[in-house]
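Ligands are counted one by one from 1 in listed order, and the atoms in each one are counted from 1 as well. Sequential numbering from 1 along the given sequence is applied to the chain's residues.
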Amino acid sequence: MKAARFYDRKDIRIEDIPEPELKPGTVAIDVAWCGICGTDLHEYLEGPIFIPPKGHPHPISGEEAPVTMGHEFSGTITALGEGVTGLEVGQNVVVEPYIIGEDVDTGEGQEYQLSENMNFIGLGGRGGGLSEKIVVEQRWVHPIGDVPLDEAALIEPLSVGHHAFVRSDAKSGDVAVVGGAGPIGLLTAAVLKAEGLTVYISELSEARKEMARNTGVADEVFDPREVDVAAKVKELTGGKGADVGFECSSVPVVLDMLMDAVRPGGVIVNVSIWGHKPEVDMPTLVLKEIDLRGTIGYSNDHPATIKLVQDGKLDLSKFITARIKLEELVDKGFDQLINNNEQHVKILVDPNA
Ligand SMILES: NC(=O)c1ccc[n+]([C@@H]2O[C@H](COP(=O)([O-])OP(=O)(O)OC[C@H]3O[C@@H](n4cnc5c(N)ncnc54)[C@H](O)[C@@H]3O)[C@@H](O)[C@H]2O)c1
Ligand SMILES: [Zn+2]
C-alpha cells in the first residue's frame with residue numbers, strides 16, 4: 001500500500017510498504033481522509049521532534065525513522081481482530097492517535113495524556129493516516145455515526161480545542177478571548193461557541209480574520225494593529241474583562257494581551273507549543289490572581305467532541321480549504337502551508353486517490 005514516510009527533515013517519501021497486520025485487540029481501518037497539521041510541518045522543516053530519529057527507537061512503539069506520518073484521520077473499519085467488541089466492520093470511525101504505555105490507565109478521569117513517553121500515532125510510529133490502511137488498538141477507535149468522513153478528519157484538532165475548553169473550567173455564558181486564529185485557535189473558538197460562550201478573537205492575518213468571521217466562531221474579531229484588544233474586551237464586558245483567555249499563537253504580545261484582557265481571578269489556557277521560553281508578566285498574574293494553565297492533546301475528549309459535531313453545534317466543512325492526493329503531499333500540501341499558510345485552515349489528503 002502507499003504511505004508517506006518521514007525519513008528526515010525535508011525528506012518525506014511516498015512509498016509502497018506492506019499492509020499492517022491485524023492482531024488480537026486491534027481494528028483494521030481503510031483511511032478516508034487525513035489532515036495536515038502544524039506539527040507535521042514542524043517535523044518537515046525542523047524535525048525530527050516527536051518522530052524518533054534513526055538509531056533512537058521510541059520506548060513504547062520501538063520504532064524509529066522512517067515512520068508513516070498523519071495523525072488527523074478518519075476511515076472505515078474493514079476487519080476486527082480477535083476479542084474486539086462494540087465495533088463493526090463497515091463502521092466509520094476516527095482514531096485518537098495516542099501511543100501510550102500499556103500499563104497506563106486510560107479510563108474516565110485519567111490523565112493519560114501526561115503519561116511518560118506519550119507520543120502520537122503518525123509521529124512516534126504505529127502507522128499513520130497518510131497511508132491507505134492502518135491497524136489500531138481498539139481503545140483508540142471512536143465511531144462517528146453519520147458525520148461525513150472528510151469533516152471527521154478534523155475531529156482530532158477539534159479535540160485539542162475541546163480539551164483546552166475543559167482545562168479552562170469555562171461554562172456557558174462566560175466570555176472568552178482567543179489569541180490567534182490559526183487552525184487551533186479557530187477550532188478552539190468553534191468549541192467555545194458550541195458550548196455557549198461569547199467569543200472574541202484577536203488575529204493579524206486578513207484571510208484568517210475573514211475565516212473567523214465567515215465560520216461564525218467569533219462574536220467579534222479584532223486586529224491588534226487597529227484596536228487595543230484588551231481595552232475593547234473590557235469595554236464589552238462592562239469593565240470587568242473576559243472570564244477566560246486562550247493563547248493559540250505562541251507570540252509573547254498575545255500572552256500579554258490576554259493577561260490584560262481577562263478579569264481578576266480569570267483563567268488563561270496556553271494551547272501553544274512554544275519554540276522558546278517567553279517572558280511572562282508575573283506582576284499582573286500575581287495582582288490579578290490569574291490562573292495560567294497548560295493543555296496538551298486530549299484525554300477522553302473524543303466522545304464529547306464527536307457529539308458536538310453530530311448534534312450540529314458546529315460545522316467542520318467550513319474549515320476544509322483544500323483536498324489533495326497523497327502524491328501531492330509535499331508540493332500541494334506542505335509547500336502550500338509553508339508559503340501560503342494564511343489561505344488555509346485544513347488541507348485534507350486522500351491516501352487512496
Ligand atoms: N496543546 C496542544 O495539544 C496543541 C496541539 C496542536 C497544536 N498546538 C499548538 O497550537 C499553536 C497554534 O497552532 P496553529 O496550527 O493554529 O498555528 P498557526 O501558526 O497557524 O496560528 C497562529 C495564528 O496566530 C496569529 N498571530 C500571530 N501574531 C499575532 C498577534 N500579535 N495577534 C494576534 N494573532 C497573531 C497568526 O496570524 C496565526 O494565524 C501552535 O503553537 C501549535 O504548536 C498545541
Ligand atoms: Zn495535529
Side-chain angles (χ1 to χ4, degrees), residues 34-47 49-50 69-73 94-98 113-114 118-124 128-130 153-168 177-190 200-212 217-218 221-230 245-258 260-261 269-276 278 293-299 301 319 321 336-338 340-348:
C34 182
I36 307 174
C37 165
T39 307
D40 299 325
L41 273 188
H42 284 300
E43 295 287 349
Y44 177 66
L45 293 173
E46 300 144 30
I49 304 162
F50 281 98
M69 295 191 81
H71 58 273
E72 305 183 354
F73 58 96
V94 291
V95 169
E96 181 180 349
Y98 272 132
Q113 77 282 20
L114 306 178
M118 177 275 278
N119 206 310
F120 296 93
I121 293 172
L123 291 163
L130 289 170
L154 279 77
I155 284 171
E156 193 272 353
L158 192 67
S159 298
V160 170
H162 188 272
H163 193 59
F165 159 69
V166 170
R167 288 284 296 140
S168 76
V177 186
V178 177
I184 291 294
L186 285 168
L187 292 172
T188 300
Y200 302 128
I201 287 185
S202 175
E203 170 61 52
L204 288 172
S205 137
E206 284 308 323
R208 289 187 160 175
K209 284 190 285 181
E210 202 50 26
M211 180 59 90
V217 299
V221 180
F222 303 120
D223 185 326
R225 289 167 304 196
E226 290 163 12
V227 290
D228 178 337
V229 179
F246 294 85
E247 207 305 297
C248 302
S249 70
S250 56
V251 173
V253 292
V254 175
L255 185 55
D256 286 341
M257 177 278 286
L258 294 173
D260 197 6
V269 178
N270 172 79
V271 191
S272 292
I273 295 172
W274 297 73
H276 61 283
R293 300 177 184 174
T295 179
I296 184 71
Y298 19 74
S299 84
D301 287 277
F319 302 103
T321 49
Q336 266 294 313
L337 291 172
I338 292 159
N340 209 2
N341 189 25
E342 286 181 23
Q343 302 300 326
H344 289 288
V345 183
K346 266 305 152 196
I347 298 181
L348 294 189

Worksheet entry | Minimum-distance atom from the Zn ion (ligand 2) among N, O or S atoms of H71 | NE2

Practice prompt. Side-chain contact test, heavy atoms from C-beta onward, threshold under 4.5 Å: evaluate it for N270 versus T295 and give yes or no.
Written response: no

Worksheet item: Can you say whether the rings of Y200 and F222 are parallel (under 30°), tilted (30 to 60°) or perpendicular (over 60°)?
Response: tilted

Item to complete: Give the ring-plane orientation class for Y298 versus Y98, where under 30° counts as parallel, over 60° as perpendicular and anything between as tilted.
Response: tilted

Please check this pair: side chain of [X] against backbone of [Y], looking for a donor-acceptor N/O pair closer than 3.5 Å.
X: R208; Y: Q343; answer: no
X: D40; Y: C37; answer: yes
X: E247; Y: S250; answer: yes

Worksheet item: Is D40 close enough that one of its N/O/S atoms sits under 2.8 Å from the Zn ion (ligand 2)?
Response: no

Worksheet item: Under 6.0 Å between the ring centres of F246 and F165?
Response: no

Worksheet item: the Zn ion (ligand 2) as vertex, arms to OE2 of E72 and SG of C37: angle to 10°?
Response: 90°

Give one line per pair: atom of ligand 1, protein atom, distance. Only N/O to N/O under 3.5 Å.
| unit_1 | atom_1 | unit_2 | atom_2 | d |
| --- | --- | --- | --- | --- |
| ligand 1 | 1 (N) | V271 | O | 2.9 |
| ligand 1 | 1 (N) | T295 | O | 2.9 |
| ligand 1 | 3 (O) | G297 | N | 2.7 |
| ligand 1 | 16 (O) | P183 | N | 3.1 |
| ligand 1 | 16 (O) | I184 | N | 2.9 |
| ligand 1 | 20 (O) | R208 | NH1 | 2.9 |
| ligand 1 | 37 (O) | E203 | OE2 | 2.5 |
| ligand 1 | 39 (O) | E203 | OE1 | 2.8 |
| ligand 1 | 39 (O) | E203 | OE2 | 3.1 |
| ligand 1 | 39 (O) | R208 | NH1 | 2.9 |
| ligand 1 | 41 (O) | I273 | N | 3.1 |

